[in-house]
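First comes the structure, then the notes that go with it.
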Amino acid sequence: TEIYTLSLHDALPIYDLPVRAAMPDPLVTDDGKTITTPEQWQQRREQMKQIIEHYAIGHAPPPPGNVTGHERQSKMLTNGVSYRLIHLTFGPGEKLGFDISIFLPAETKGIKAPFPVIVQPSFSAISENPPPPVTNAIAAGTNSAPAKRPPAYHTVITPEAAAKQYTQALNRGYAVVTFYYQDCGADGRDFRPTGFFPAYPGYDWADLAAWAWGMSRCVDYLERQNFADKSKFIAVGHSRLGKAVLVAGAFDERFALCAPAGSGCGGTGAYRFNGQGRGGREGLEDIAKNFPQWTIPRLAEFSGQVEKLPFDQHWLIDLVAPRVFIAPDGLNDTSASVNALVQSYLAAKPAYALLGVPDHLGINFRPGKHMLVPEDWTAILDFSDQQLRKLDVKRRFDQLPPAETPP
């Protein structure tokens with residue numbers, strides 16, 4: 001029998017929701033029932049998804065079921081790495097689409113297809129001929145108008161430059177698929193006329209859900225490719241794209257490993273431990289004010305009353321279970337609270353333990369700032385090798401910073 005209902009949350013306005021000062025327990029339902037079996041967890045998991053959709057990310061459309069790919073370019077790069085530019089087409093009338101770049105490692109005695117595949121939304125578009133840096137012509141003393149600037153959080157790099165960023169993954173036998181995230185929906189307040197949104201006017205989703213939905217369309221295509229190990233799709237992203245990766249891993253069970261890095265508040269950091277008066281760094285109120293495009297308006301209604309949230313971000317981490325999850329973060333990241341991530345990690349542990357996979361939940365801290373650095377890639381790949389590929393990796397992924405170690 002079902003152990004959940006969402007009618008309570010649909011009926012109650014936010015001001016009537018109870019205060020939950022502690023992190024909401026994913027293993028206890030609203031009516032006090034305790035989750036004790038994997039079968040009950042599957043039912044509880046569906047309720048948790050509904051709550052998160054209703055209050056935070058909105059409702060994405062179902063898979064379109066018609067994803068196709070057309071190769072636009074293919075060439076060999078240095079060190080035997082192959083590059084393919086594919087245009088995906090899908091959606092109503094097959095009118096939606098975006099480009100994905102595929103990097104395949106060189107096949108050697110120890111590296112053979114099918115490969116584990118990393119799917120990474122990127123701040124960079126990939127092109128053979130990146131435009132020159134934007135300059136202000138008037139400031140330079142000419143009479144021409146200033147050049148049109150690209151969208152915020154947008155760069156263009158060559159395939160060679162992109163492959164260099166993925167050297168570690170490629171050398172270890174991983175394929176990488178990446179795409180420019182704003183092809184799915186503009187990262188700005190006026191996002192509704194862009195990306196996927198016009199094709200689905202009846203859905204209340206926002207940017208994080210749309211970027212995650214784009215990752216799932218990549219998997220739709222990859223599931224039909226011989227080079228891909230269909231049991232080892234890996235979601236990787238940093239900062240706001242780490243937030244999107246967390247949504248993708250929580251809602252698409254085809255991702256065997258979810259690795260949001262430096263994702264902060266709205267990502268792996270608990271709302272209850274982020275923001276003014278709750279531990280500092282960026283909080284729910286900051287996101288609601290500065291980045292309303294990321295989530296639905298209902299989440300902003302919790303500004304100043306975060307303790308009424310019926311969930312927190314550890315729920316998304318738990319939605320990945322029993323699959324594999326790791327959060328790599330920097331200890332000196334001014335955008336993300338170390339303690340907020342630690343609290344999410346600790347609150348997520350019981351669900352992984354219930355499902356008999358405590359080792360599938362990992363965390364890794366390194367010195368440094370708000371960047372996706374080689375140390376983060378090493379942690380992600382080591383954890384993947386250990387947990388997905390079952391290689392003999394002698395490394396622990398449960399080490400908390402000393403100040404955050406629980407008594």
Side-chain angles (χ1 to χ4, degrees), residues 63 67-69 71 73-74 76-77 79-88 90 98-108 110-122 124 126 159 162-181 184 211-238 241-242 244-261 320 323-326 328 360 372 376-391:
V67 175
T68 58
E71 185 174 291
Q73 185 182 3
S74 177
M76 295 297 296
L77 306 179
N79 300 323
V81 173
S82 66
Y83 168 72
R84 296 169 62 196
L85 178 65
I86 304 292
H87 184 73
L88 300 184
F90 52 88
F98 60 95
D99 289 343
I100 64 173
S101 292
I102 300 175
F103 299 89
L104 301 182
E107 294 204 33
T108 64
I111 298 176
K112 300 286 185 184
F115 309 113
V117 184
I118 294 168
V119 179
Q120 185 193 19
S122 175
S124 299
I126 296 176
K164 187 175 181 180
Q165 295 178 355
Y166 298 125
T167 296
Q168 187 176 172
L170 293 166
N171 286 348
R172 293 173 65 160
Y174 289 79
V176 178
V177 174
T178 185
F179 63 93
Y180 177 55
Y181 78 117
C184 305
W211 303 338
W213 201 76
M215 295 179 65
S216 292
R217 306 293 69 81
C218 293
V219 176
D220 291 345
Y221 173 78
L222 293 168
E223 284 187 312
R224 302 191 301 272
Q225 306 307 307
N226 292 332
F227 68 79
D229 184 336
K230 283 69 174 178
S231 69
K232 296 181 179 64
F233 293 123
I234 299 163
V236 177
H238 180 256
L241 300 185
V245 159
L246 180 59
V247 173
F251 283 81
D252 190 336
E253 296 183 49
R254 296 174 298 177
F255 286 110
L257 189 155
C258 178
V320 178
R323 291 167 290 131
V324 183
F325 179 93
I326 183 171
H360 283 192
L372 185 62
D376 297 323
W377 278 107
T378 300
I380 293 168
L381 296 170
D382 283 352
F383 196 57
S384 176
D385 282 351
Q386 184 187 84
Q387 299 298 329
L388 286 188
R389 303 173 86 183
K390 304 302 180 183
L391 302 180

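Heavy atoms only: backbone and side chains are in, while hydrogens, waters and symmetry mates are out. Position 1 is the first residue of the sequence, and the numbers go up from there. Only a predicted model underlies this, so the values are computations on that prediction, with no experimental measurement involved.
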Rounded to the nearest 0.5 Å, how far apart are [atom1] of [X] and [atom2] of [Y]?
X    : Y    : atom1 : atom2 : answer
W213 : D252 : CH2   : CG    : 11.5 Å
H360 : Q386 : NE2   : CD    : 9.5 Å
Q387 : K232 : CD    : NZ    : 12.5 Å
L388 : D229 : CG    : CG    : 9.0 Å
D382 : Q168 : CG    : CD    : 7.5 Å
E107 : F115 : CD    : CZ    : 4.0 Å

For a 4.5 angstrom cut-off between non-hydrogen side-chain atoms, does [X] reach [Y]?
X    : Y    : result
Y166 : W377 : yes
L85  : D99  : yes
F325 : L246 : yes
I380 : I118 : no
I102 : F227 : yes

Partners passing ring-ring contact (aromatic ring centres under 6.0 Å, His included) against [X] (at least two apart in sequence or in another chain):
X    : answer
Y83  : F103
F233 : none
F179 : F98

Could you pull out the closest heavy-atom pair between [X] and [Y], with the gap in Å?
X    : Y    : value
P260 : V245 : N-CG1, 4.0 Å
A106 : N79  : CB-O, 3.4 Å
A235 : M215 : CB-CE, 3.6 Å
I86  : G69  : CG2-CA, 3.8 Å
A244 : A212 : O-CB, 3.5 Å
L170 : A163 : CD1-O, 3.9 Å

Residue of the set Y180, Y181, W211 for which side-chain contact (heavy atoms from CB on, under 4.5 Å) holds with P121:
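The passing option is Y181.
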Which residue in the set V117, I234, V236 passes side-chain contact (heavy atoms from CB on, under 4.5 Å) when paired with Y174?
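By the side-chain contact (heavy atoms from CB on, under 4.5 Å) criterion, Y174 pairs with just one of V117, I234, V236: I234.
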Please confirm whether the backbone N or O of [Y] pairs with a side-chain atom of [X], one donor and one acceptor, at under 3.5 Å?
X    : Y    : result
R323 : G249 : yes
T178 : Q120 : yes
K112 : G173 : no

Who passes side chain to side chain contact (heavy atoms under 4.5 Å, CB included) against T68, sequence neighbours left out?
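For T68 the side chain to side chain contact (heavy atoms under 4.5 Å, CB included) partners, ignoring immediate neighbours, are T89.
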Please list, chain by chain and in numerical order, all residues satisfying salt bridge (charged side-chain N to carboxylate O under 4.0 Å, His left out) with D220, sequence neighbours excluded.
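Only R217, R254 meet the salt bridge (charged side-chain N to carboxylate O under 4.0 Å, His left out) criterion with D220.
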Which residues pass the salt bridge (charged side-chain N to carboxylate O under 4.0 Å, His left out) test with D385, not counting sequence neighbours?
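Only R172, R389 meet the salt bridge (charged side-chain N to carboxylate O under 4.0 Å, His left out) criterion with D385.
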